[in-house]
Structures are given as C-alpha cells and as structure tokens.
Amino acid sequence: MDPNSECKDKKKSATQSMLLCCKLYISESRNREALEPIERAAKLDPETVIINKFQDRDYNRVNYTLVSYVIHDSTGCPIYSPLHQTVVAMVAAAYDAINLEQHSGAHPRLGVVDDILIHPLARASLDEASWLAKKVAADIGNRFQVPVYLYAAAHPMGKALDTIRRELGYYRPNFRGIQWAGWAQPEQVPVKPDEGPEVVSRARGVVMIGAHKWVAMYNIPIMSTDLSAARRIAQRVSARGGGLPTVQTLGLFHGEDSTEIACILLEPNQIGADRVQNHVETLASQESLDVEKGYFTDLSPEMIIERYMKLISNSS
C-alpha cells in the first residue's frame with residue numbers, strides 16, 4: 001500500500017472521529033484592534049476550525065472555541081494535532097496585543113490568556129486531551145516565560161481548577177470590591193507552577209491549562225444590582241456551599257442594572273441547566289429578586305461536531 005495513501009486515510013479518519021476541542025479564554029473584548037491579530041492567528045492553519053466566539057464587554061473577556069483532529073502513531077499514542085500550533089500562535093498574538101496592567105473587568109482573571117481547556121470529542125479520550133494540554137503548557141511556559149498551572153486530567157494528581165485559583169487569589173476583586181484590574185498579586189507566585197518561571201510578568205500574568213470531559217458554562221441574569229444577594233444565591237447553589245453537586249458558581253456584577261450567577265456545570269448530563277435555573281429562581285424569589293432565563297456561553301458538543309464536519313466538508 002502506498003504510504004502516502006495510508007497517511008491520507010489515517011488523517012481522513014481522524015478528521016471525522018478523533019477530535020479535540022479547545023476553549024481559549026482571553027482577557028479582552030472591548031478592544032477590536034487587540035482581537036484582530038489573535039483571530040488572524042487562529043486562521044493560519046485551515047485544519048483548525050473556529051467553531052464559536054463568545055465575548056462579554058462587561059466582563060471584558062472573550063472565549064474562542066476551536067476544533068481539530070488528533071493523529072496517533074502505530075502504538076496508539078497521540079503525536080500530532082493542528083490545534084497545538086494554532087493555540088500557541090493565538091497566545092503569542094494575545095501577549096503582543098494585550099497588557100494585563102491596562103485591563104479591567106467584572107470577571108475574575110489572572111492572565112491575559114486566563115484559561116485554556118481541552119475537551120475530547122467524538123471518539124477521542126481524555127488521554128489525548130491531556131496530551132495536548134501538556135504540550136501547549138510546555139510551549140507557553142518555555143517560549144513566553146509565563147507561569148503555567150495544569151489542572152484536572154492534565155495535572156499529575158488531577159488537581160481541580162477552582163483549588164488552584166483559590167491558592168492564587170483568583171476570586172478576590174481588587175478594584176472597588178467588584179472588579180478586577182491590572183495585576184494585584186505578588187510577582188513571586190505563592191504556588192510553584194507546572195511549567196514556566198515562578199516570577200510573574202505583570203503584563204501577562206499566569207495561565208491555567210486543563211483537560212476535562214465536557215464542561216458547560218451557564219450564566220443566569222439577576223435583575224438587581226445587589227451584589228451581596230447575588231453572592232448569597234451563588235453560594236447556596238454551588239456544591240461548595242451545600243447546593244447542587246458538581247456545580248460551581250460566582251455572583252458577579254453584569255452591566256449597570258443587573259448581576260449574574262455565572263455557573264460551571266462539571267457534569268451537565270447529570271446536573272443540567274434547567275435544574276440550576278430552577279434552583280436560582282427559587283432562591284431569588286426568597287430575596288424578592290427577578291431572574292431572567294439563563295444562557296450558555298458555548299454550543300453543545302453535538303452542535304460543535306456538526307458545525308465542524310460541515311465546515312471541513314465545505315473547505316475540502
């Protein structure tokens with residue numbers, strides 16, 4: 001059999017079944033000129049597809065969802081994914097275009113590139129997602145001299161993202177008690193990173209990189225500026241506060257006339273958005289607060305796969 005033909009067959013099979021999804025969270029959404037070079041970098045390799053972009057001006061944060069395939073060697077070990085270099089190129093563009101010291105927003109963050117989360121899709125597994133997360137982490141730590149913290153399946157002990165964030169002071173606003181501005185942490189990080197230096201560039205901050213089975217982000221608007229009430233509701237909804245298992249929450253300001261319960265659903269097929277929505281509405285009614293219908297910040301895995309397949313078939 002022709003080796004080139006065999007390679008093409010392997011790639012074709014991978015592009016249809018062995019897929020990885022990257023959610024890339026960047027601390028900017030108000031400056032269009034800063035986002036343009038990041039998005040150009042995302043399009044340099046046509047085999048990586050931008051599936052979704054979600055930006056929030058109040059949080060001053062953008063999330064890019066990218067998908068591509070992963071190829072294995074003859075022993076079944078992952079050896080290549082176009083996502084690897086695409087994500088690193090986007091990170092490079094972000095560090096060139098954005099200065100964390102000049103950033104502020106109503107959502108916590110610790111870096112220009114705040115979080116990179118890799119999910120397996122279709123027939124891919126967490127092993128492939130973890131492999132890619134660690135490859136990207138090593139490149140970012142070494143090339144850009146940024147402290148990198150691995151979490152979930154990418155971490156040797158499976159350390160949770162919220163645990164690392166608490167250790168680094170992620171959840172403490174440093175501006176007027178409601179916003180995050182500049183870099184307010186010590187330049188010597190209190191926790192040794194998995195990659196990169198232990199000293200922080202104030203312009204870049206640090207980055208979290210993890211691998212996890214599908215996680216859903218679901219935000220619920222509260223029609224009140226009472227942040228204390230929003231925080232009470234968020235705490236009572238969260239697993240940490242004795243609420244719903246596998247649900248993490250934050251109560252945040254969102255715009256001039258509302259707050260929001262920002263939710264991470266770690267097991268969305270078990271504790272889904274409807275259950276979270278109902279629980280928030282019940283608690284909000286006890287505070288005499290009105291609640292709007294929540295919204296996801298990304299597509300479902302099924303929709304992502306469907307959109308990816310459509311886009312690659314149109315480009316081939």
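The residues of the chain are indexed from 1 along the displayed sequence. Everything numeric in this text was worked out from a predicted model, so none of it was measured.
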Report task. Report the C-alpha separation of E167 and K159 in whole Å, then their side-chain angles, then the decisive distance to 0.1 Å, and conclude whether the salt bridge (charged side-chain N to carboxylate O under 4.0 Å, His left out) test is met. Result -> CA-CA 12 Å; E167 291 173 346; K159 196 170 184 180; 2.8 Å; yes
Query - side chain to side chain contact (heavy atoms under 4.5 Å, CB included) between D139 and V136, worked out - result: CA-CA 5 Å; D139 276 4; V136 170; 5.8 Å; no
Query raised in the report: Can you list the steps and then say if E287 with R232 is a salt bridge (charged side-chain N to carboxylate O under 4.0 Å, His left out)?
Result: CA-CA 10 Å; E287 304 262 3; R232 283 195 299 274; 2.8 Å; yes
Requested in this report: Quick one: do D162 and R166 satisfy salt bridge (charged side-chain N to carboxylate O under 4.0 Å, His left out)? Show the steps, please.
Outcome: CA-CA 6 Å; D162 64 327; R166 283 191 175 84; 3.1 Å; yes
Query raised in the report: After noting the C-alpha distance and the side-chain angles of I116 and Y25, does the key distance pass the side chain to side chain contact (heavy atoms under 4.5 Å, CB included) rule?
Result: CA-CA 6 Å; I116 300 173; Y25 295 87; over 6 Å; no
Requested in this report: Applying side chain to side chain donor-acceptor pair (under 3.5 Å), run through D114 and S27 and close with a yes or a no.
Outcome: CA-CA 7 Å; D114 194 51; S27 301; 4.9 Å; no
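The number of heavy-atom neighbours closer than 6.0 Å to CZ of R236, taken from other residues, nucleotides and ligands shown, is 12 or below. Within 6.0 Å of CD on Q188 lie more than 12 heavy atoms contributed by other residues, nucleotides or ligands. Atom NZ of K23 is surrounded by more than 12 heavy atoms from other residues, nucleotides or ligands within 6.0 Å. Taking a 6.0 Å sphere around CD of Q145, one finds it holds more than 12 heavy atoms contributed by other residues, nucleotides or ligands. Heavy atoms of other residues, nucleotides or ligands lying less than 6.0 angstrom from CD of Q277 number more than 12.
One side chain, E128 or S125, offers a donor N or O that lies under 3.5 Å from an acceptor on the other. Checked by atom type, the side-chain pair D45/T86 shows no donor-acceptor distance below 3.5 Å. Under 3.5 Å, the side chains of Q179 and H107 contain no donor-acceptor pair of N or O atoms. In the model, Y149 has no side-chain atom that pairs as donor or acceptor with a side-chain atom of D115 under 3.5 Å.
The hydrophobic cluster around L227 extends to I178, F253, counting ILVMFWY residues whose side-chain heavy atoms fall within less than 4.5 Å of a member. Within the hydrophobic cluster formed by Ile, Leu, Val, Met, Phe, Trp and Tyr side chains joined at under 4.5 Å, directly or through other members, L265 is accompanied by Y218, I220, I222, I233, V237, L244, V247, I261, I271, V276, V280, L283, L289, V291, F296.
Applying the salt bridge (Lys or Arg N to Asp or Glu O under 4.0 Å) test to every pair with at least one member in residues 198-212, sequence neighbours left out, gives these pairs: E101-R202, E187-R202, K192-E198. A salt bridge (Lys or Arg N to Asp or Glu O under 4.0 Å) check over residues 205-230, counting only residues at least two apart or in different chains, returns the pairs K213-E267.
Distance OG1/T297 to CZ/R61: 9.5 Å, rounded to 0.5 Å.
What you find for P78 and V70 is that their closest heavy atoms are CB-CG2, 3.9 Å. Looking at every heavy atom in both residues, S130 comes nearest to A153 through OG-O, 3.1 Å. In terms of heavy-atom proximity, A181 sits nearest to S104 at CB-CB, 3.9 Å. T225 approaches S258 most closely through the heavy-atom pair CG2-N, 3.9 Å.
Of the charged side-chain nitrogens involved, at least one lies within less than 4.0 Å of a carboxylate oxygen, so that E39 and K53 count as a salt-bridged pair.
Checked against side chain to side chain donor-acceptor pair (under 3.5 Å), D58 has no partners two or more places apart in sequence or in another chain. Partners of Y59 under the side chain to side chain donor-acceptor pair (under 3.5 Å) rule, at least two apart in sequence or in another chain, are E260.
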